[in-house]
Amino acid sequence: DTGVSQDPRHKITKRGQNVTFRCDPISEHNRLYWYRQTLGQGPEFLTYFQNEAQLEKSRLLSDRFSAERPKGSFSTLEIQRTEQGDSAMYLCASSLGWDLSSYNEQFFGPGTRLTVL
Amino acid sequence: AQTVTQSQPEMSVQEAETVTLSCTYDTSESDYYLFWYKQPPSRQMILVIRQEAYKQQNATENRFSVNFQKAAKSFSLKISDSQLGDAAMYFCAYRSLPPSMNRDDKIIFGKGTRLHILP
């Protein structure tokens, strides 16, 4: 297992276009998270899944954003009608579920850098 | 809502010297996790060190140690014997503890401190 992978690594699009990113978590991890990191800032939480269920969504996740994890394995994040303000690094992370007896670390992928022209 | 503040946008340290990065946070919770993450240029985020708030002993990981002051809500990172490979963005971060087992599972990050290592 090589860790969390994300595809594509870079995406350049024109304003108004739709884009979709993919995240493949570490194979046994049932939790998957999406974060957004703009230039000079720390990552900000967008949403997370436990298996295929989307359990929490940030107010940052406007109605132009949709995330899915249909079979509880990989996840996709789609942005419709992109805006220049959507330009950012989109990070995915995965972890095992909560275990009161031990800490389950979130492992991060390399990110997808989106540039909206 | 929890917040994490890093007031040092950039710092520099001479190779082999010691540097301390500062972080303060705000929360009404009594139990939680605090972290320092490292993000090298064009590389992925990795966990450097973790502190459980219910533990009084400060965490250490080789050359990395923290000074956790719960009452002051302060959480600094000390890097000893700095090496060129330590150059990166460092993020202080917070995560709630269970019993939010099905909700509120997110990491809250500060804005980061860029650390330069001078040869």
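So you know, we letter chains A, B, ... as the sequences are listed, proteins then strands, and number each from 1.
Taking 4.0 Å as the cut-off between side-chain N and carboxylate O, K71(A) and E52(A) do not count as a salt-bridged pair. Using a 4.0 Å cut-off between charged nitrogen and carboxylate oxygen, E83(A) and R64(A) count as a salt-bridge pair. A salt bridge links R22(A) and D24(A); the closest N-O separation between the charged side-chain nitrogens and carboxylate oxygens is under 4.0 Å.
The 12-atom threshold is exceeded at CG of L118(B), counting heavy atoms of other residues, nucleotides or ligands nearer than 6.0 Å. In K111(B), the NZ atom is not crowded: 12 or fewer heavy atoms of neighbouring residues, nucleotides or ligands sit closer than 6.0 Å.
Note on ring orientation: taking the six-membered ring where Trp is involved, the planes of Y25(B) and Y32(B) are perpendicular (angle over 60°, cut-offs 30° and 60°). Note on ring orientation: taking the six-membered ring where Trp is involved, the planes of F75(B) and W36(B) are parallel (angle under 30°, cut-offs 30° and 60°).
For a residue to count as touching a neighbouring chain, one of its non-hydrogen atoms must lie under 4.5 Å from one of that chain's; by this rule Q37(A) touches chain B with the side chain only. Heavy-atom distances place no part of I108(B) under 4.5 Å from chain A, backbone and side chain included.
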Criterion ring-ring contact (aromatic ring centres under 6.0 Å, His included) on Y48(A) and Y33(A), from CA distance to verdict: CA-CA 4 Å; Y48(A) 89 92; Y33(A) 311 80; 5.4 Å; yes
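The most heavy-atom pairs under 4.5 Å with chain B, out of P43(A), G42(A), G40(A), come from P43(A). With chain A as the partner, the residue from R114(B), M45(B), R43(B) showing the most heavy-atom pairs under 4.5 Å is M45(B). Taking chain A as the reference chain and counting heavy-atom pairs below 4.5 Å, the highest number among Q39(B), E52(B), Q6(B) is found for Q39(B).
At a heavy-atom cut-off of under 4.5 Å, chain B is reached by E105(A), Q106(A), F108(A), G109(A), P110(A) from residues 105-117 of chain A, listed in order of number.
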